[in-house]
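When a residue number appears, it is its place in the shown sequence, counting from 1.
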Amino acid sequence: MEVYIIGLRNGVFPVACSTGGLEAEPMQIEIFSDVVCPWCYIGKRRLDAVLQTPVGEGVTLRWRPYQLRPGLPAKGVDRAEYLRARYGEEADPGRVPQRLAAEAEDAGLTFDFAAMGRMPNTFQAHRLMELAWDDGVQHQLAEVLFDAYFRAGKDIGQLATLVEAAERSGIDGAKAAQYLDGDAGADRVREQLERAVELGVSGVPSYLLAGRFTLPGAQTPEVMGQFIQRAKERLA
């Protein structure tokens, strides 16, 4: 499979071929993301804004797993200790970088890093995202998980937190608990993590349109909208 990155020059897309009046085919956007990535949350909100415009017509979404810290213990680690070990004793667990805070505010978000007590291993959350895909509520669950971690500081590696998130997304709590108590969906997550490597995904968020066009990073809604439109034109 060939994957193309439609280049950006100062935020402006190169000229794409005209559709000649043809209507674009339905297009799936695969979102490679980790639920502890603040830029992924910002990217989601920006994509939501684009999908509410005519550009979003015919677009479907499929969230794909990516782990920024795959080597963490299954139960995660104390976040303050993790940051001190990585950045030194002066590390401030509650500090939100200025640029990140500004970009989040622009997307209608406020992050509370001080409330985050744990640095979770996100494998279980990605498993739950697979169940949510089967139930048709994957995009809803992504919002709930991001909100739980970045705005409420909840441990999204903990079973109780994940079950609560499932229920808030429309998944039966008992069903989610039984699912997470076993290993259902684990192989699917591992296969998709390997596919991300094969596709060259080295950071998130990353968006793959129709299996062909890659847009890296949490771009502005304007850039996202232009990119999706150009991809539709090329597919047509």
Side-chain angles (χ1 to χ4, degrees), residues 1-35 37-66 68 97-111 129 132-133 136-147 150-151 169 192 195-196 199-236:
M1 176 182 63
E2 293 182 303
V3 178
Y4 305 91
I5 297 179
I6 301 178
L8 297 172
R9 292 196 293 268
N10 298 322
V12 180
F13 287 87
V15 175
C17 298
S18 169
T19 63
L22 295 177
E23 188 173 330
E25 293 292 325
M27 180 178 66
Q28 184 181 77
I29 298 179
E30 297 178 70
I31 307 167
F32 292 85
S33 168
D34 198 1
V35 288
C37 167
W39 291 106
C40 293
Y41 196 5
I42 292 171
K44 178 195 175 295
R45 285 296 186 88
R46 289 175 171 173
L47 180 59
D48 284 344
V50 172
L51 296 181
Q52 292 175 14
T53 71
V55 174
E57 184 177 351
V59 171
T60 62
L61 304 178
R62 176 65 160 102
W63 288 78
R64 300 293 189 186
Y66 188 92
L68 292 170
Q98 185 175 2
R99 181 186 167 215
L100 179 62
E103 297 278 1
E105 183 178 1
D106 185 63
L109 298 170
T110 302
F111 295 151
M129 286 288 284
W133 168 254
V137 293
Q138 197 183 40
H139 197 61
Q140 293 92 317
L141 178 62
E143 175 70 29
V144 171
L145 289 173
F146 281 134
D147 179 80
F150 287 107
R151 304 176 78 180
S169 306
Q192 292 179 65
R195 176 171 173 262
L199 289 171
V201 177
S202 58
V204 287
S206 183
Y207 307 90
L208 180 61
L209 284 64
R212 295 177 59 188
F213 308 110
T214 297
L215 176 66
Q219 306 290 342
T220 65
E222 292 75 19
V223 169
M224 281 187 169
Q226 291 174 6
F227 189 93
I228 294 170
Q229 184 60 37
R230 297 300 185 270
K232 283 184 173 183
E233 291 171 359
R234 292 194 177 200
L235 290 171

Could you check whether any side-chain heavy atom of Tyr41 comes within less than 4.5 Å of a side-chain heavy atom of Asp147, counting everything from C-beta outward?
yes

Over all heavy atoms of both residues, which pair between Gly108 and Arg45 is shortest? Give the atoms and the distance, please.
O-NH1, 3.7 Å

Give the C-alpha distance, both sets of side-chain angles, the deciding distance and a yes or no for side-chain contact (heavy atoms from CB on, under 4.5 Å) between Arg62 and Gln138.
CA-CA 8 Å; Arg62 176 65 160 102; Gln138 197 183 40; 3.0 Å; yes

Do you know which two heavy atoms are closest between Leu61 and Trp133, and how far apart they sit?
O-CZ3, 3.4 Å

Looking only at non-hydrogen atoms, find the nearest pair between Tyr207 and Gly217 and report the distance.
CE1-O, 3.4 Å

Side-chain heavy atoms of Ile42 within contact of Phe150, under 4.5 Å:
no

Could you state the interatomic distance from OG1 (Thr60) to CD1 (Ile29), rounded to the nearest 0.5 Å?
8.0 Å

Any side-chain heavy-atom pair of Val201 and Arg64 under 4.5 Å
no

Distance-minimising heavy-atom pair for Ala196 and Tyr66
CB-CD1, 4.4 Å

Rounded to the nearest 0.5 Å, what separates atom CD in Gln226 from atom CG in Leu215?
11.0 Å

CD of Glu105: more than 12 outside heavy atoms within 6.0 angstrom?
no

Rounded to the nearest 0.5 angstrom, the CD-CG distance for Glu103 and Leu109 is 11.5 Å

Within the structure provided, determine whether Arg195 and Glu30 are in side-chain contact (heavy-atom separation under 4.5 Å).
yes

Identify, with sequence neighbours excluded, every residue that meets side-chain contact (heavy atoms from CB on, under 4.5 Å) alongside Ser33.
Ile31, Cys40, Trp63, Phe146

Any Lys232 side-chain heavy atom under 4.5 Å of Val59 side chain:
yes

Sub-4.5 Å side-chain heavy-atom contact between Cys37 and Leu68
yes

Is Gln192 close to Met129 at the side-chain level, that is, under 4.5 Å between some pair of heavy atoms?
no

Which atom pair, heavy atoms only, marks the closest approach of Met224 to Gly43?
CE-O, 3.6 Å

For Ala210, side-chain contact (heavy atoms from CB on, under 4.5 Å) partners two or more places apart:
Met27, Leu235

May I have the list of side-chain donor-acceptor pairs in residues 47-54 shorter than 3.5 Å, sequence neighbours left out?
unit_1 : atom_1 : unit_2 : atom_2 : d
Asp48  : OD1    : His139 : NE2    : 2.7
Asp48  : OD2    : Lys44  : NZ     : 2.5
Thr53  : OG1    : Val50  : O      : 2.6
Thr53  : OG1    : Val55  : N      : 3.3

Just so I know, are the side chains of Phe213 and Ile228 near enough to count as touching, which here means a heavy-atom distance under 4.5 Å?
no

